[in-house]
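These notes concern the structure reproduced below.
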Amino acid sequence: MKRFCLSAMLLAITLLAACAPAASQAHTATLFAMDTVMDLSAYGEQGEIALDNAQDLIRELEGLLSTTREGSEIYALNHGETVALSPSTRELLDRALALCGDTGGALDITIYPVVRAWGFTTEEYQVPDSQTLTALLDKVDYTQITLEGDSLLLPDGMELDLGAVAKGYTGDRLMELFRQSEIASAYVNLGGNVQVLGASPDGDPWRIGIRDPDGEGYAAVVEVTDRAVVTSGAYERYFEQGGVRYGHIIDPDTGYPARSGLISVTIVSQSGTLADGLSTALFVMGKDRAVQFWRTRDDFDFILIEEDGTVTISQGIENSFSFPGEQGSYALEVVRR
Ligand code: AMP
Ligand code: MG
């Protein structure tokens, strides 16, 4: 009898396991693409096939948008070729150029010659002299690009770099793919660009950790549903020379790595492309300009971390923001409209 009870119980548990989690069955994949490690999770019956398609999509976009890969559309444009742009490249260029304009050029997708001069494309780092930078800055000006139909006119010597927006755009495309695959819940981390579809499988918002720019753990947590959470940080890619740290985000006005007092900028938005573009742009702007810019818009929130440990957040995420465990050395300010 005892044995029967146990078997019946086990059967019941197995059945529960077989039925209930079908809708929330986790499927995961990890891949290296776009120069970074990517983690993907999709929940539900269609998860596995959706993740296969997701990886194909990532590879396809990488093949179009990479600056370094021969055969990509951006590589061809940067080498003076005429290209009939694919709808994806066109769409991203269109949105990126709009963001360059919105941010007054703090984001400038023609920054590539300067990024290369610093060695960020090859990891052979160097500090260019100021004449070199002044000469290269002549070639940095997104307003000189024209995008018409499926062709883009890039003046001689100018080169594109979609590194500030490509992963964000990829996140948007993945969410679209998951939605079409009738996935209700998904999470992607594209090398620090997090984007989620719906709520987490248990129905609560997703809890996203914001990396501590000074250490290993998390500086903050934000709870979100259907959002992109994208961070740009000085700690992501940099080199040191003569005791000075040079980061990979360049101020297009000076040609030097942005030194605005911010060490980490996180943007929370429905749009991955917007979040990615603005995380880079607000890093360049610095806190005061970033806050002013935010007041002119209603399509994003931010978490700014300054060198002195001040954390500033915008009011839209006040109730979904927390410090993990101890607040530690951070002081919190909330900016309101
Ligand atoms: P993110 O990690 O999204 O902030 O993007 C940084 C990458 O974008 C860099 O590695 C460069 O390739 C490129 N980049 C750097 N500064 C800028 C800028 N001011 N505008 C546009 N792209 C930039
Ligand atoms: Mg970015």
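Below, each value reflects all heavy atoms present in this structure, side chains not excepted, and no hydrogens, waters or symmetry copies. Along the sequence shown, residues are numbered consecutively beginning with 1. Just follow the structure's listing: the first ligand is 1, and inside any ligand the first atom is 1.
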N/O separation below 3.5 Å, [X] to ligand 1:
{"X": "A106", "value": "yes"}
{"X": "S279", "value": "no"}
{"X": "I249", "value": "no"}

Run the numbers for me: atoms of ligand 1, each under 4.0 Å from some heavy atom of [X], listed by number.
{"X": "E236", "value": "2 (O)"}
{"X": "S232", "value": "1 (P), 3 (O), 4 (O)"}
{"X": "L107", "value": "20 (N), 21 (C)"}
{"X": "P252", "value": "19 (N)"}

Out of H248, K167, R237, M285, indicate the one that has the non-hydrogen atom closest to atom 2 (O) of ligand 1. H248

Which is closest to atom 8 (O) of ligand 1 by heavy-atom distance: A164, A234, G191? A164

Ring-plane angle category for F302 and F300, please: parallel below 30°, perpendicular beyond 60°, tilted otherwise. tilted

Looking only at protein heavy atoms, identify the closest one to [atom] and say how far it is in Å.
{"atom": "atom 1 (P) of ligand 1", "answer": "T280 OG1, 3.3 Å"}
{"atom": "atom 23 (C) of ligand 1", "answer": "I111 CG2, 3.5 Å"}
{"atom": "atom 19 (N) of ligand 1", "answer": "I250 O, 2.8 Å"}
{"atom": "atom 13 (C) of ligand 1", "answer": "D161 OD2, 3.4 Å"}
{"atom": "atom 20 (N) of ligand 1", "answer": "D108 N, 3.0 Å"}

What closest approach, in Å, do [X] and [Y] show between heavy atoms, and which atom pair accounts for it?
{"X": "Y112", "Y": "N78", "value": "CD2-ND2, 4.1 Å"}
{"X": "E236", "Y": "H248", "value": "OE1-NE2, 3.4 Å"}
{"X": "L278", "Y": "I267", "value": "C-CG1, 3.8 Å"}
{"X": "P205", "Y": "S200", "value": "O-OG, 4.1 Å"}

Going by atom type alone, with no hydrogens or angles, which donor-acceptor pairs under 3.5 Å involve a side-chain atom of residues 33-40 and a protein atom two or more places apart or on another chain?
| residue | atom | partner | partner atom | Å |
| --- | --- | --- | --- | --- |
| D35 | OD2 | R237 | NH2 | 3.4 |
| D39 | OD1 | T30 | OG1 | 2.9 |

Which value, rounded to the nearest 0.5 Å, describes the distance between Y142 atom OH and T103 atom OG1? 6.5 Å

Assess, by modelled atom type and distance only, whether the side chains of [X] and [Y] contain a donor and an acceptor separated by less than 3.5 Å.
{"X": "E240", "Y": "Y125", "value": "no"}
{"X": "S88", "Y": "R173", "value": "yes"}
{"X": "Q270", "Y": "D299", "value": "no"}

State plainly whether the residues E159 and R116 are in salt-bridge range, i.e. N to O under 4.0 Å. yes

For the Mg ion (ligand 2), what is the number of protein N, O or S atoms at a distance under 2.8 Å? 4

Option from D94, L152, L65, D150 for which side-chain contact (heavy atoms from CB on, under 4.5 Å) with T89 holds: L65

Validation row, ring centre F239 to ring centre Y246 under 6.0 Å: yes

